[in-house]
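Quick notes on the structure that follows.
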Amino acid sequence: MKPRSTLPSWGLMLLLPPSPLLAQESISTDRPDFVESSLVVGASMVQIETSVAYERAGMGEQLWSTPTLLRIGISENLEVRAETEGLVSAQTEATPAFASTDSADVSLGLKWHRQDGGTTGDWTPSTAWLLHLDLPTGGAPYRAGHAAPSLRWVAEWEPAEGWSLGVMPGLTWMDDGRGGRAMKGIFGVVVGRELGPGLRGFAELSMPEIARQDNGGTIGNLDTGLAWNLGLDTQLDAAVSFGLTDDSPDFAATLGLSHRFR
């Protein structure tokens, strides 16, 4: 689903000028699917990926948010990241009724592009490591009780012309819902398909939290969506998601816009 880059291997010098090859490639984003891209934005590049998102759960619960990711290229294989759900507005019809609008927590992180993948049909993956720290910086209704580190590994393949496959396992240490913290798993697998010039679609199983019920339970979703590149530096996207577990939102949808600044 996500374009593959011809970046220098991880063993080369970290600090490099912007690559002429990278400058001619279409934007590669970490949205709208859950599995991150294995690519980084490239040296001296800045990319912002923002959206409007909606979730609906049981008991009349509805949530609107503005997920946003800022990516800054430090080298051809390293980027720094700042991510947030942005402004969050939630309401529920349950008794007692609840309604609140405030800012979400901010997460700071690094992505390291570990290696390039092989050619189409070659099962050598393009890989990356992501290290994030979620900080309790948001408004009171949406602020976590503790900082939460996470580590994820991404691998992507191009098994056939126009097809892509990605997986992302990981671990996070986050709130357990009882005032403490617990280790939780992360997993996602996505299949992408080119549908036309600059247009691609995907289907995905996403599991942002895998835990025992007494530690918050497991969130699992089935996601599908489209991404459309408008030239080299801009992407529009849309996706929907359907919950697979009792702890997942019943339905979610997102519309996004991403742009790369050179």
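Checked by atom type and distance alone, the side chain of Glu204 pairs as donor or acceptor with a backbone atom of Val35 at under 3.5 Å. Put simply, the side chain of Arg260 never gets that close to the backbone of Thr29: no donor and acceptor are under 3.5 Å apart. A side-chain donor-acceptor contact under 3.5 Å links Asp105 to the backbone of Gly138. At least one donor-acceptor pair under 3.5 Å links the side chain of His113 to the backbone N or O of Ser38. Between the side chain of Glu79 and the backbone N or O of Val41 there is at least one donor-acceptor pair closer than 3.5 Å. Judged by distance alone, with hydrogens and angles left aside, the side-chain atoms of Thr119 form no donor-acceptor pair with the main-chain N or O of Asp122 at under 3.5 Å. Without hydrogens or angle criteria, Thr172 side chain to Pro149 main chain gives a donor-acceptor distance under 3.5 Å. Panel note: side chain Asp30, backbone Ser37; a donor-acceptor pair is recorded below 3.5 Å. Of the possible donor and acceptor atoms, none in the side chain of His146 sits under 3.5 Å from a partner among the backbone N and O of Met174. Between the side chain of Trp153 and the backbone N or O of Pro169, no donor-acceptor pair lies under 3.5 Å.
Shown here for Met183 and Leu171, the closest heavy-atom pair between the two residues is SD-CB, 4.0 Å. For Phe202 against Leu226, the heavy-atom pair with the smallest separation is CE2-N, 4.3 Å. For the pair Thr218 and Ile210, the tightest heavy-atom approach, listed with the atom from each and the gap, is OG1-CA, 3.6 Å. The minimum heavy-atom distance between Ser100 and Tyr142, with the atom names listed, is O-OH, 2.7 Å. Thr120 and Ala160 make their closest contact through CG2-C, 3.4 Å (heavy atoms, listed as atom of the first residue, atom of the second, distance). Closest heavy-atom contact between Ala104 and Thr137: O-OG1, 4.4 Å.
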### Query
Going through the checks in order, is the side-chain contact (heavy atoms from CB on, under 4.5 Å) test met by Asp33 and Asp223?
CA-CA 7 Å; Asp33 52 347; Asp223 315 321; over 6 Å; no
### Message
Pair Leu244, Leu205 - check side-chain contact (heavy atoms from CB on, under 4.5 Å), show working.
### Response
CA-CA 9 Å; Leu244 298 177; Leu205 171 66; 3.6 Å; yes
### Task
Kindly indicate, with the supporting measurements, whether the criterion side-chain contact (heavy atoms from CB on, under 4.5 Å) is fulfilled by Asp237 and Glu49.
CA-CA 10 Å; Asp237 62 65; Glu49 304 175 14; over 6 Å; no
#### Entry: Test side-chain contact (heavy atoms from CB on, under 4.5 Å) applied to Phe34 and Met168, step by step
CA-CA 9 Å; Phe34 172 72; Met168 186 178 71; 3.5 Å; yes
### Query
Under the salt bridge (Lys or Arg N to Asp or Glu O under 4.0 Å) criterion, do Arg152 and Glu36 qualify, and how do the steps go?
CA-CA 9 Å; Arg152 290 167 287 169; Glu36 309 278 14; 2.9 Å; yes
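Hydrophobic clustering (ILVMFWY, side-chain heavy atoms < 4.5 Å, transitive): Ile48 and Ile72 are in one cluster. Met207 is connected to Val167 through a chain of hydrophobic side-chain contacts under 4.5 Å among Ile, Leu, Val, Met, Phe, Trp and Tyr, so both are in one cluster. Tracing side-chain contacts under 4.5 Å through hydrophobic residues (I, L, V, M, F, W, Y), one never reaches Leu199 starting from Val191; they form parts of separate clusters. Residues Leu236 and Ile27 fall into different hydrophobic clusters, defined by Ile, Leu, Val, Met, Phe, Trp and Tyr side chains chained together at heavy-atom separations under 4.5 Å.
Interatomic distance, CG of Asp102 versus CG of Leu87, reported as 7.5 Å (0.5 Å rounding). Note: Thr234 OG1 to Trp228 CH2 = 11.0 Å, rounded to the nearest 0.5 Å. One finds the CZ atom of Phe261 at 9.5 Å from the CD atom of Gln47 (value rounded to the nearest 0.5 Å). In this structure, CH2 in Trp157 is found 7.5 Å from CH2 in Trp123, a value given to the nearest 0.5 Å. Atom-to-atom distance recorded for His132:NE2 and Ser107:OG is 5.0 Å, nearest 0.5 angstrom. Within the model, atoms CG of Asn77 and CZ of Arg114 stand 10.0 Å from one another, a figure rounded to the nearest 0.5 Å.
In this view, Trp64 and Tyr54 satisfy the ring pair (Phe, Tyr, Trp, His ring centres under 6.0 Å) rule, not counting sequence neighbours.
The side chain to side chain contact (heavy atoms under 4.5 Å, CB included) with Arg81 is formed by just one residue from the set Leu131, Leu70, Leu130; it is Leu130.
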Side-chain donor/acceptor pairs under 3.5 Å, residues 248-258, sequence neighbours excluded:
| residue | atom | partner | partner atom | Å |
| --- | --- | --- | --- | --- |
| Ser248 | OG | Gly220 | N | 2.9 |
| Ser248 | OG | Gly220 | O | 2.9 |
| Ser248 | OG | Thr245 | OG1 | 2.6 |
| Asp250 | OD2 | Gly58 | N | 3.4 |
| Thr254 | OG1 | Arg31 | NH2 | 3.1 |
| Thr254 | OG1 | Val52 | O | 3.2 |

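Contact check for Gln235 versus Arg200: side-chain heavy atoms found under the 4.5 Å cut-off. Gln213 places a side-chain heavy atom less than 4.5 Å from the side chain of Asp247. Annotation: side chain of Arg56 is not in contact with side chain of Glu61 (no heavy-atom distance under 4.5 Å). In this structure, Leu108 and Leu135 have side chains that are in contact, with non-hydrogen atoms separated by less than 4.5 Å. Between Arg262 and Leu232 the shortest side-chain heavy-atom distance falls below 4.5 Å.
Counting non-hydrogen atoms of other residues, nucleotides and ligands closer than 6.0 Å to CZ of Arg143 gives a total above 12.
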